[in-house]
Amino acid sequence: QVQLVESGGGLVQAGGSLRLSCAASGIIFSLYTMGWYRQAPGKQRELVATITSDGSTNYGRFTISRDNAKNTVYLQMNSLKPEDTAVYYCNAKRTAPFRYDYWGQGTQVTVSS
């Protein structure tokens, strides 16, 4: 059974920082591209950052990293803004030899002004 469990969300003031974690189980973590997505109220889910199995990253304002020994991916969020308020979801994706796509339950991040 695959599980992705996010943690680290919460309420923070604008300009503050949070570090999200996603602990994976039930998959060979090192083979998966891991990603963080977010969904704000009334908006579509959007990509925040990804990190491939070989450590290549794609991110904007926030920093993604992974620890394969701990089966965990992180999202370091600094200089948070109220518009960063959303539910943040962890994703595990693999496309070969077959497509696998798993999601966590999400963690709420609220940034107050």
Side-chain angles (χ1 to χ4, degrees):
Q1 180 182 1
V2 178
Q3 282 193 311
L4 301 177
V5 180
E6 300 101 333
S7 61
L11 175 64
V12 64
Q13 288 188 332
S17 298
L18 283 174
R19 188 193 196 202
L20 304 183
S21 300
C22 171
S25 60
I27 60 173
I28 304 175
F29 181 79
S30 61
L31 298 180
Y32 281 73
T33 290
M34 300 301 297
W36 287 97
Y37 292 74
R38 69 185 184 186
Q39 188 166 18
K43 296 188 177 181
Q44 289 190 333
R45 190 172 296 189
E46 64 177 1
L47 174 66
V48 176
T50 59
I51 183 166
T52 64
S53 58
D54 64 0
S56 297
T57 57
N58 174 29
Y59 59 91
R61 291 173 42 233
F62 305 144
T63 303
I64 190 170
S65 61
R66 65 190 298 160
D67 185 337
N68 288 342
K70 295 182 178 180
N71 287 0
T72 301
V73 61
Y74 305 97
L75 185 70
Q76 180 65 44
M77 304 187 294
N78 299 327
S79 302
L80 283 161
K81 305 175 182 180
E83 51 264 43
D84 294 318
T85 295
V87 178
Y88 284 71
Y89 296 92
C90 178
N91 174 260
K93 195 185 306 286
R94 188 177 176 192
T95 57
F98 303 103
R99 182 175 179 85
Y100 299 98
D101 199 357
Y102 302 110
W103 292 90
Q105 81 288 349
T107 185
Q108 176 70 47
V109 171
T110 302
V111 185
S112 63
S113 57

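All residue numbers in this chain count up from 1 along the given sequence. All values below were derived from every heavy atom in this structure, side-chain atoms included, with hydrogens, water molecules and symmetry-related copies excluded.
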Student: Return the OH to CH2 distance between Tyr74 and Trp36, rounded to the nearest 0.5 Å.
Tutor: 10.5 Å
Student: To the closest 0.5 Å, what do you measure between NZ (Lys81) and CZ (Arg61)?
Tutor: 4.5 Å
Student: Side-chain donor-acceptor pairs under 3.5 Å in residues 13-27, sequence neighbours left out?
Tutor:
| residue | atom | partner | partner atom | Å |
| --- | --- | --- | --- | --- |
| Ser17 | OG | Asn78 | OD1 | 2.9 |

Student: For residues 95-107, which side-chain N or O atoms pair as donor and acceptor with protein atoms under 3.5 Å away, sequence neighbours left out?
Tutor:
| residue | atom | partner | partner atom | Å |
| --- | --- | --- | --- | --- |
| Asp101 | OD1 | Asn91 | ND2 | 2.7 |
| Asp101 | OD1 | Lys93 | NZ | 3.4 |
| Asp101 | OD2 | Lys93 | NZ | 3.3 |
| Gln105 | NE2 | Glu6 | OE1 | 3.3 |
| Thr107 | OG1 | Gly9 | N | 3.4 |

Student: Please identify each residue that fulfils salt bridge (charged side-chain N to carboxylate O under 4.0 Å, His left out) with Arg66, with sequence neighbours left out.
Tutor: none
Student: Determine whether Phe29 and Met34 make a side-chain contact, defined as any pair of heavy atoms from C-beta on separated by less than 4.5 Å.
Tutor: yes
Student: Hey, does Gln39 have a side-chain heavy atom less than 4.5 Å from the side chain of Tyr89?
Tutor: yes
Student: OG/Ser30 to CG/Asp54 distance, rounded to the nearest 0.5 angstrom?
Tutor: 11.5 Å
Student: So if I apply the side chain to side chain contact (heavy atoms under 4.5 Å, CB included) rule between Val73 and each of Ile64, Asp67, Asn68, which one comes out positive?
Tutor: Ile64
Student: In Å, rounded to the nearest 0.5 Å, how long is the span from OH of Tyr32 to OG1 of Thr52?
Tutor: 15.0 Å
Student: Once rounded to the nearest 0.5 Å, what's the spacing between atom CZ of Arg38 and atom CD of Gln44?
Tutor: 14.0 Å
Student: For residues Leu11 and Leu80: do they belong to one hydrophobic cluster (side chain heavy atoms under 4.5 Å, members Ile, Leu, Val, Met, Phe, Trp, Tyr)?
Tutor: no
